[in-house]
Amino acid sequence: GEAVSEGTVVSAHTQLFGSQVDSNVSLDLAKTQKFTIDSLSSSGNAGVSTDSVGNASGGILFFKNHSDSYINNCLINSYFTEFINNGTTNNDYQTNLYVNDSRLRDSYSAIIFNWSRAHSYINNSELMNCGGPLVINQGNSKPTTDTEFTRIGCDLTVSKDSFLENYVSGSGGWFDLYGASNYAATIKTLDPLFVLNSRKLTNSDSKLNFLTVSMSQNEGTDQQFGLMGETSIDGIDYINYDGGKTDMDSHFASMMTGDTASQASFIQDLYSTHYGSLFSLTSGSVPAPVFVTYDAKTSKKNFLFTDAKTGIYTAESAVTSQTGSYVAPTADQFSGDYFGLYFTQNGQNLVPGAETYKQFKGSDAFGMVPKFAE
């Protein structure tokens, strides 16, 4: 073959371990396949780096699975990506990765990459230090007709007794290689607004504790609407593209028949659920980005936004205000350790009117989960 030009990234990767389910086996048999790694220590040759070319070229993956897999009592570090939880495009078959009592560290890209229909569970484990986020969730929504499309997503569930930490500068290495530097820089500019609420996004070295990102498999004009997937830490869903959708659909249907109680419920959904807030974000009722914080005293999630200039405000005030007056959240609404963040992408051309909601195909927003800095 032809030699690539100097400085060109060779993006081919190979895995050290892997599991495979033959495409010819029945779905019932595929679901019974298991792969387990017990009590293993392994180090690769590609850890965290600011090099956006050299360390990305032909990096080694530790494990790529096509079946349910269990990682028990392992120490894994210094790979390009340590685990590819390689899902399918079959809505009836999901690959699950279980990380139990393990320490996973020092990856050039991410510790775990969930692809298509996949779910990773982190139990009593430690994930630290990546060039990018600790976990990437990349779902897949594809049009099947002009009006229908298949929605497939990735999920991440992290137990309370697990530890996540990943302070990044947001530039160089993975961020430059995958064009994510602008997003990180934008998030960091919001730090003064969080300081006003007695929390910080960055530490004394101006680094962000960047844990997870959820996104589609296409970018730009090919961005896929209708993303799915949930990121839950200690039982709290900080990212959940369909969170509240079922009730919201029901409230809308009843509202359109003239039910005033359902109308009130639908309006509340617009600022108190993931799906409703994403609709409000896409339709322009709430400015981007939308934050999802947790009130540890009331055990409730809060949906907030910022004008990126003067402060952070409640999504409720943006949706219900008749005068454009926004209401600031209370300090308790920032008392959780983590927060979700939705950045809208292309948006959809929703025609304003009584049935605008029916046009909404779901969100194409990037979903991120950072942790507040100490």
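Along the sequence shown, residues carry numbers from 1. Every value quoted in this text rests on a predicted model; they were computed, and no experiment measured them.
The two atoms that bring Ser102 and Ile71 nearest to each other are OG-O, 3.5 Å, heavy atoms only. Here the shortest heavy-atom pairing between Tyr241 and Tyr275 reads O-CD1, 3.2 Å. Closest approach of Ser39 to Cys74, counting heavy atoms only: N-SG, 3.9 Å. Between Gln333 and Asn302, the shortest heavy-atom contact is NE2-OD1, 3.1 Å. For Asp191 against Leu201, the heavy-atom pair with the smallest separation is OD1-N, 2.7 Å. Across all their heavy atoms, Phe35 and Gly18 have their closest contact at CE1-O, 3.7 Å.
Between the side chain of Ser120 and the backbone N or O of Leu156 there is no donor-acceptor pair closer than 3.5 Å. Not one N or O on the side chain of Ser280 forms a donor-acceptor pair closer than 3.5 Å with the backbone of Ser285. The backbone N or O of Phe163 lies less than 3.5 Å from no partner atom in the side chain of Glu126, so there is not a single donor-acceptor pair. Side chain of Ser277 to backbone of Thr273: a donor-acceptor contact under 3.5 angstrom is found. Formation of a donor-acceptor pair under 3.5 Å by the Asp106 side chain with backbone atoms of Val48 is found in this model. Between the side chain of Lys160 and the backbone N or O of Asn124, no donor-acceptor pair lies under 3.5 Å.
The aromatic rings of His119 and Tyr121 sit parallel, their planes meeting at an angle under 30°, below the 60° perpendicular limit. A tilted orientation is assigned to the rings of Phe252 and Phe266, their planes being inclined by 30° to 60°.
Because its NZ or CZ atom is not both nearer than 6.0 Å to the ring centre of Phe194 and within 45° of the ring axis, Arg199 does not count as a cation-pi partner of that residue.
Counting heavy atoms from C-beta on, the side chains of Met215 and Asn137 never come closer than 4.5 Å. Taking 4.5 Å as the limit, some side-chain heavy atom of Phe175 sits within range of a side-chain heavy atom of Phe210.
Both Leu104 and Phe17 sit in one connected hydrophobic cluster of ILVMFWY residues. Membership requires side-chain heavy atoms under 4.5 Å apart, directly or through other members.
Between Lys301 and Asp295, no side-chain nitrogen of the basic residue sits less than 4.0 Å from a carboxylate oxygen of the acidic one, so the salt-bridge criterion is not met. Under a 4.0 Å N-O distance rule, the pair Asp332/Lys297 qualifies as a salt bridge. The existence of a salt bridge linking Glu374 and Lys200 is excluded, since no basic side-chain nitrogen approaches an acidic carboxylate oxygen closer than 4.0 Å.
Within 6.0 Å of atom NZ in Lys300, 12 or fewer heavy atoms from other residues, nucleotides or ligands are found, so the atom counts as exposed in its surroundings.
Between the OG atom of Ser162 and the CD1 atom of Ile122 there is a distance of 6.5 Å, given to the nearest 0.5 Å. How far OG of Ser43 is from CZ of Arg105: 11.5 Å, rounded to the nearest 0.5 Å.
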